[in-house]
Amino acid sequence: MANAIIMPRQGQSVESCLIGKWHKHVGDSVAAGDLLFTYETDKATFDETAKDAGTLLAIFAAEGDDVPCLQNVCVIGQPGENFAQFDPRGSAAPAAETLAPATVAAAPGVPAPASGPAAPVAAASIAPVATPSGPAGTPVIMPRQGQSVESCLIGKWHKNVGDAVAEGDVLFTYETDKATFDETAKISGTMLAIFAAEGDDVPCLQNVCVIGQPGDSFAQFDPNGASAAAPVVETASAPAAAAPFAPAGSAGAISRSANASIGTDLPAGELPEKISPRARTLAEKSGADLRQASATGPQGRVIERDVAALIAAGKVSTGAVGTAFPAGLAGTGLGGAVSLADLSAPVAAPAALAAAPAPVVPTAAPAPAVAADETRVEKHSNIRKVIARSMQASLSQMAQLTLNTSFDATDMLALRTRLKQAGEKGLTAEMGFALAEKAPTINDLILFAVSRVLPRHPACNAHYDDEKMTYFSRVHLGVAVDTPRGLMVPTVFAADQMDLPTLATEVKAAAKACQTGTISPDALKGGTFTVTNLGSLGIETFTPVINPPQTCILGVNTIVTKVREVGGEVKAYQAIPLSLTFDHRALDGAPAARFLQDLVRTLENISLALMHG
């Protein structure tokens with residue numbers, strides 16, 4: 001009996017996955033446990049293995065296809081069995097037929113069957129390509145890294161037009177608002193055409209470049225349409241004339257045909273129909289007048305750099321004005337912004353303006369030249385832009401206040417010393433001494449204490465918005481992690497239900513996943529309280545910024561030596577300062593202080609707290 005293989009769901013927020021590579025072809029024999037295909041989410045890559053033995057009868061998705069989770073991807077059964085009922089296109093799909101090996105091989109991205117008798121396969125399982133006048137190359141699309149991602153930025157091209165490409169070579173680097181990825185070649189050949197330059201904001205699933213053999217056609221893959229297609233590459237020796245434009249930094253200059261949409265000026269007074277999400281956000285924040293935008297994105301799309309150009313040219317307005325003014329009106333506000341005063345000011349007659357002599361502007365002394373080796377310009381990564389927007393929104397929209405205190409770390413440090421000594425004596429987890437085998441860090445102990453104290457202070461373990469407070473019965477602990485790409489905050493869910501060894505293991509695993517870029521999207525949201533630790537960097541106090549919609553964040557500082565009077569004598573002790581930032585809209589100072597006081601009491605008696613779990 002034929003069995004369908006579905007696209008697995010890797011996390012509740014993942015709605016679809018990309019087929020990365022097929023490891024079995026139509027007609028191949030399949031054993032239980034054989035690797036069928038590799039697929040990708042926006043954070044990680046997975047292998048799908050066969051659960052049953054048989055023959056691969058049909059493939060419904062090609063390499064690079066974005067397949068909804070739980071949809072049929074292929075069918076395994078015995079030769080001759082019917083599988084049309086598994087086709088995700090339903091009864092509208094063509095009936096099953098025998099497909100010759102040459103026909104299968106002609107479809108880019110879907111592996112051809114092995115030599116020998118052809119296996120039956122649904123015609124719908126192979127996506128045909130447009131028939132060019134000659135052999136066609138294979139397009140490479142911009143992957144979709146998550147359902148919420150509409151476009152990605154080209155960071156760097158690693159191959160130029162005309163370069164030889166081997167399977168697995170890195171073609172280009174691209175960025176989402178969370179991470180940076182490398183796109184590798186799925187086939188070997190020659191880079192025939194590049195449709196997006198470094199810095200371009202490219203819609204997901206749009207063609208980015210074409211790989212093939214010199215002389216192959218690629219015009220049909222140009223996202224700008226046939227009118228914008230460049231001449232077919234004849235040889236790899238003329239990369240500059242081969243592509244619609246070469247990537248920035250390549251030997252050939254950037255070039256486009258005269259009909260390309262790059263630099264398209266919008267009709268005066270009209271808002272652009274196509275605008276990227278990043279460009280729209282920047283325009284809303286800056287007041288840029290999109291009616292004056294010159295679209296440089298694919299297919300006449302206004303992208304982020306077009307809005308930045310408007311801002312640099314002073315084509316902006318204040319929030320009170322909006323777009324209620326003629327396009328092109330010169331403003332007198334800060335940075336040339338159009339203000340309400342400009343709308344009420346009398347407009348001079350054109351003739352009078354033409355007759356008025358131009359004011360004489362004194363020439364300023366030229367600024368001293370800056371040597372090229374004295375500066376370095378580096379574009380913001382997408383994750384840095386997201387962090388910037390989030391932090392600015394947090395500080396501008398919340399009433400944040402920070403309370404500072406410290407706790408006596410004598411008991412905590414003594415506990416760690418005892419655990420290390422026990423481990424050196426050979427006490428292991430098998431003997432019932434899990435903490436001795438791998439002594440918890442100071443951060444592990446603080447996280448454990450926080451998870452136990454928070455349920456007694458519901459307002460600190462909550463989400464706030466303008467309409468309501470949402471309280472949580474479980475503690476979903478966010479842990480700030482420093483990564484090469486920037487700050488990430490994975491969530492340890494139901495931390496209050498974990499014992500200390502489990503909590504320590506989960507935190508380490510989440511931090512490692514962030515460092516390597518394999519963290520699941522579901523693990524980066526849903527936190528109810530965050531802890532950030534700068535103690536290892538020697539910081540004695542700081543003001544942590546709340547991660548909205550959470551109501552609190554705890555900052556942990558370095559160990560310091562303090563003194564106190566004991567029995568008439570001044571004695572030194574080790575203390576760890578804590579900084580609690582809370583949203584004064586959600587809770588008042590006294591409740592926040594009581595939480596901090598409760599936490600200090602627990603930390604100073606951490607040995608007893610561990611006895612109670």
Side-chain angles (χ1 to χ4, degrees), residues 405-409 411-413 415-416 419-420 434-435 437-458 460-462 472-483 487-515 519 523-537 539 542 544-547 550-559 575-582 592 595-613:
T405 189
S406 64
F407 70 92
D408 183 350
D411 183 53
M412 179 178 290
L413 298 177
L415 172 64
R416 295 192 71 243
L419 290 174
K420 289 180 179 178
L435 290 179
E437 182 173 346
K438 191 171 184 61
T441 66
I442 290 176
N443 198 56
D444 293 335
L445 293 167
I446 292 175
L447 292 172
F448 177 82
V450 168
S451 70
R452 267 49 185 180
V453 172
L454 271 174
R456 298 195 289 269
H457 303 268
C460 296
N461 189 47
F472 295 86
S473 58
R474 298 270 74 90
V475 176
H476 306 311
L477 207 53
V479 183
V481 177
D482 178 34
T483 76
L487 174 68
M488 302 184 80
V489 185
T491 302
V492 179
F493 293 94
D496 57 314
Q497 299 294 295
M498 299 178 182
D499 59 16
L500 180 55
T502 303
L503 178 60
T505 300
E506 290 294 319
V507 171
K508 288 180 177 63
K512 183 179 180 181
C514 288
Q515 294 283 352
I519 188 73
L524 292 174
K525 59 184 180 180
T528 59
F529 186 95
T530 296
V531 176
T532 175
N533 192 334
L534 296 180
S536 62
L537 300 177
I539 301 302
F542 68 106
V545 179
I546 298 174
N547 185 17
Q550 296 173 24
T551 60
C552 296
I553 182 171
L554 179 71
V556 181
N557 301 282
T558 191
I559 299 176
I576 297 180
L578 301 175
S579 303
L580 177 72
T581 298
F582 66 96
F595 163 74
L596 205 51
Q597 183 183 52
D598 195 357
L599 179 61
V600 165
R601 185 166 47 245
T602 302
L603 289 168
E604 290 182 342
N605 299 277
I606 191 65
S607 299
L608 295 176
L610 286 171
M611 292 181 183
H612 294 283

Taking every non-hydrogen atom, the tightest pair across [X] and [Y]:
X    : Y    : answer
R474 : A494 : CD-CB, 4.2 Å
K420 : A439 : CG-CB, 4.0 Å
A592 : L580 : O-CD2, 3.6 Å
F493 : G526 : CE2-O, 4.1 Å
V481 : C514 : CG1-CB, 4.1 Å
D482 : Q515 : O-NE2, 2.5 Å

* side chain to side chain contact (heavy atoms under 4.5 Å, CB included) between N533 and I442: does it pass, once the steps are laid out? -> CA-CA 10 Å; N533 192 334; I442 290 176; 5.6 Å; no

Could you give the distance from [atom1] ([X]) to [atom2] ([Y]), rounded to the nearest 0.5 Å?
X    : Y    : atom1 : atom2 : result
L599 : L603 : CG    : CG    : 4.5 Å
T551 : F595 : OG1   : CZ    : 9.5 Å
F582 : C460 : CZ    : SG    : 9.0 Å
D411 : D408 : CG    : CG    : 8.5 Å
D496 : F472 : CG    : CZ    : 12.5 Å
N557 : S579 : CG    : OG    : 4.5 Å

* Steps toward side chain to side chain contact (heavy atoms under 4.5 Å, CB included) verdict (V492, H476) -> CA-CA 6 Å; V492 179; H476 306 311; over 6 Å; no

Close side-chain approach of [X] and [Y], heavy atoms under 4.5 Å:
X    : Y    : result
L537 : T558 : no
N461 : P455 : no
L477 : L447 : yes
I553 : I546 : yes
L578 : V556 : yes
K525 : T491 : no

For residues 500-509, please give each side-chain donor-acceptor pair under 3.5 Å, one per line with the distance, not counting sequence neighbours.
| residue | atom | partner | partner atom | Å |
| --- | --- | --- | --- | --- |
| T502 | OG1 | D499 | OD1 | 2.6 |
| T505 | OG1 | P501 | O | 2.9 |
| K508 | NZ | D444 | OD2 | 3.0 |

* Assess whether side chain to side chain contact (heavy atoms under 4.5 Å, CB included) is satisfied between L487 and T483, documenting all intermediate values. => CA-CA 6 Å; L487 174 68; T483 76; over 6 Å; no

* R456 bridged to D598 by N-O distance under 4.0 Å -> yes

* Asked: Does a donor on one side chain sit under 3.5 Å from an acceptor on the other, for T530 and Q550?
  ->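 Yes, side-chain donor-acceptor contact under 3.5 Å.
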
* Please assess F407 against R601 for the test side chain to side chain contact (heavy atoms under 4.5 Å, CB included), listing each intermediate value before the final yes or no. => CA-CA 8 Å; F407 70 92; R601 185 166 47 245; over 6 Å; no

* Structure fact -> Across all chains, not counting sequence neighbours, the ring pair (Phe, Tyr, Trp, His ring centres under 6.0 Å) partners of F542 are none

